[in-house]
Amino acid sequence: MGIWYEGNLNKEENRHEEKGITYFIRGVRAVGGVRYERYAVKTHFIERGEDYVGIVRRYLSPLCQPGDVVTISEKVISMCQNNTVEMKDIRVGFWARFLSRFATHNHNGIGMDEPYKLQLAINMRGLPLILWASFCGAVCRLFGKRGVFYEIVGQDVAGIDGFYSHSAFETYHTLAVLNPREPDKVCAEIEKETGIACVLVDANDIDVEILGRAPSLAECSDQSLSELIRDNPAGQDDELTPFVIVRDIGDREAMPYVPVEAIEGPAEYK
């Protein structure tokens, strides 16, 4: 079940600044009997080709403490890797235009009803698999089962992010961001260079997908890591908070936090 909000999560009442870094309190979440406080760290808009280790040093090293876990939006790493596709480089064919008419509209973002995104999926996985996945998905929807299309085509297609004409950031109007390459290796490099235990996540208001983790978190299950940010504290609008520091605060009093009021979500996600 998704948790839905209206607009930006960065309430001024939750804003703090420390060592020149701005962050926002995102409240406490209890997982496995442990109380974790979350801090969403604000960054600049990260462009293609930037150094992700340098970005982590700049924004996270001044704030992180031993034992902290940092979740990192997959989009940031993919931008740094320039693992992207521009709309101008995609030639939309007949099948993408035809099949997109029957795709389910995604209230959480741009789905396969966007011909450019569907054509990119065809380019990545091949037309036969996309046709089969579309057929199976349509049949299963008749019986109330959703998500079959993405189960068949795989995480690489499910992770395509972008082509958002309504995005607050103009870059994403005509740019698709793919899943990061070698996510476990990225996390290992960050931990080696900075000492920060991190997790690469594909998170939205519906679900959280764990893509990679640092070696020190190898024994942590996907479920336990996902639960730390199940409410998507990084946000889904223009927060510019791709890093979330998750800290075990034990029995200590949490910092004051004013929550953003949740709103009614689409009926299909209830």
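Just so we're clear, the structure is a prediction, and the values are computed from it rather than from any experiment.
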Q) Yes or no on side-chain contact (heavy atoms from CB on, under 4.5 Å) for I46 and C80, after CA distance, side-chain angles and deciding distance? A) CA-CA 8 Å; I46 295 170; C80 290; 3.9 Å; yes
Q: Might you work through the salt bridge (charged side-chain N to carboxylate O under 4.0 Å, His left out) test for D251 and R35, ending with a clear yes or no?
A: CA-CA 8 Å; D251 296 327; R35 296 168 65 242; 5.3 Å; no
**Q.** R29 vs E227, salt bridge (charged side-chain N to carboxylate O under 4.0 Å, His left out): CA-CA, chis, key distance, verdict
**A.** CA-CA 8 Å; R29 188 167 179 85; E227 286 303 320; 3.1 Å; yes
Q: Begin from the C-alpha positions of V41 and L63 and carry the test side-chain contact (heavy atoms from CB on, under 4.5 Å) through to its verdict.
A: CA-CA 9 Å; V41 179; L63 299 179; 4.1 Å; yes
**Q.** side-chain contact (heavy atoms from CB on, under 4.5 Å) evaluation trace for M79 with Y52
**A.** CA-CA 9 Å; M79 288 290 281; Y52 54 78; over 6 Å; no
Q: Starting from the C-alpha separation in whole Å, work towards a yes-or-no answer on side-chain contact (heavy atoms from CB on, under 4.5 Å) for V85 and I160.
A: CA-CA 10 Å; V85 179; I160 298 173; over 6 Å; no
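Counting only heavy atoms from C-beta outward, the side chains of I77 and I72 approach each other to under 4.5 Å. P128 has its side chain out of reach of L131: every pair of non-hydrogen atoms, C-beta onward, lies at least 4.5 Å apart. With contacts defined as side-chain heavy-atom distances shorter than 4.5 Å, the pair V244/V70 does not qualify. M112 places a side-chain heavy atom less than 4.5 Å from the side chain of V157. Counting heavy atoms from C-beta outward, P180 and N83 have side chains that stay 4.5 Å or more apart. Side-chain contact between V56 and I196 is present, with heavy atoms from C-beta onward closer than 4.5 Å. You'll find the side chain of Y116 stays beyond 4.5 Å of the side chain of R91, heavy atoms only. At least one side-chain heavy atom of W95 sits under 4.5 Å from a side-chain heavy atom of L127.
Between the CD atom of E74 and the CG atom of D202 there is a distance of 4.0 Å, given to the nearest 0.5 Å. Expressed to the nearest 0.5 Å, how far CZ of R230 lies from CG of N232 amounts to 10.5 Å. Within the model, atoms CZ of R213 and OG of S221 stand 7.5 Å from one another, a figure rounded to the nearest 0.5 Å. Rounding to the nearest 0.5 Å gives a distance of 7.0 Å between SG of C198 and CD of E191. The CD atom of E209 lies 12.0 Å from the CG atom of L225; values are rounded to the nearest 0.5 Å. Atoms CZ and CG, on F163 and L118 in that order, are 11.5 Å from each other to the nearest 0.5 Å.
Environment of CZ in F94: crowded, with over 12 heavy atoms of neighbouring residues, nucleotides or ligands closer than 6.0 Å. Other residues, nucleotides and ligands contribute at most 12 non-hydrogen atoms within 6.0 Å of the CZ atom of F135. Taking a 6.0 Å sphere around CD of E18, one finds it holds more than 12 heavy atoms contributed by other residues, nucleotides or ligands. No more than 12 heavy atoms of other residues, nucleotides or ligands shown are found within 6.0 angstrom of CD on E170.
With salt bridges taken as basic N to acidic carboxylate O contacts below 4.0 Å, one links E86 and R48. Salt bridge annotation for R57-E193: present, with a cationic side-chain nitrogen under 4.0 angstrom from a carboxylate oxygen.
Closest non-hydrogen pair, I21 versus R58, comes out as CD1-O, 3.4 Å. Scanning both residues, P115 and V92, for their nearest heavy atoms gives CB-CG1, 3.9 Å. Listed here is the closest heavy atom pair of E239 and Q236: OE1-N, 3.5 Å. Across D184 and G212, no two heavy atoms sit closer than the pair OD1-CA, 3.2 Å. Residues F149 and I130 approach most closely at CE1-O, 4.0 Å, considering heavy atoms. Closest approach of R125 to V153, counting heavy atoms only: NE-O, 2.8 Å.
The hydrophobic clustering, which links ILVMFWY residues whose side-chain heavy atoms are closer than 4.5 Å, places L60 and F24 apart. Taking hydrophobic clusters as Ile, Leu, Val, Met, Phe, Trp and Tyr residues chained together by side-chain heavy-atom distances below 4.5 Å, V186 shares a cluster with L211. Residue M255 is not grouped with residue L9 when hydrophobic side chains (ILVMFWY) are merged at heavy-atom distances under 4.5 angstrom, including chains of intermediate members. No continuous path of ILVMFWY side-chain contacts below 4.5 Å connects I245 to V34, so the two sit in separate hydrophobic clusters. Note on F243: it does not cluster hydrophobically with V201, by side-chain heavy-atom contacts below 4.5 Å among ILVMFWY residues.
Side chains of N10 and R26: a donor on one and an acceptor on the other come within 3.5 Å. With hydrogens and angles left out, the side-chain atoms of D238 and N8 include a donor and acceptor closer than 3.5 Å. E114 and S100 share no donor-acceptor pair across their side chains, judged by distance under 3.5 Å alone.
In this structure, Q119 contributes its side chain and G93 its backbone to a donor-acceptor pair below 3.5 Å. R38 contributes a side-chain N or O that, together with a main-chain N or O of G27, makes up a donor-acceptor pair within less than 3.5 Å. Between the T174 side chain and the M87 main chain, no donor and acceptor come within less than 3.5 Å of each other. Counting only distance, with no hydrogens or angles, the side chain of N14 and the backbone of V258 share a donor-acceptor pair below 3.5 Å.
Residues passing the ring pair (Phe, Tyr, Trp, His ring centres under 6.0 Å) test with Y172 are F45, sequence neighbours excluded. Legend: residues meeting side-chain contact (heavy atoms from CB on, under 4.5 Å) with E182, ordered by chain and number and at least two apart, are K185.
Ring geometry, Y39 versus Y23: the interplanar angle exceeds 60°, so the pair is classed perpendicular (tilted spans 30 to 60°).
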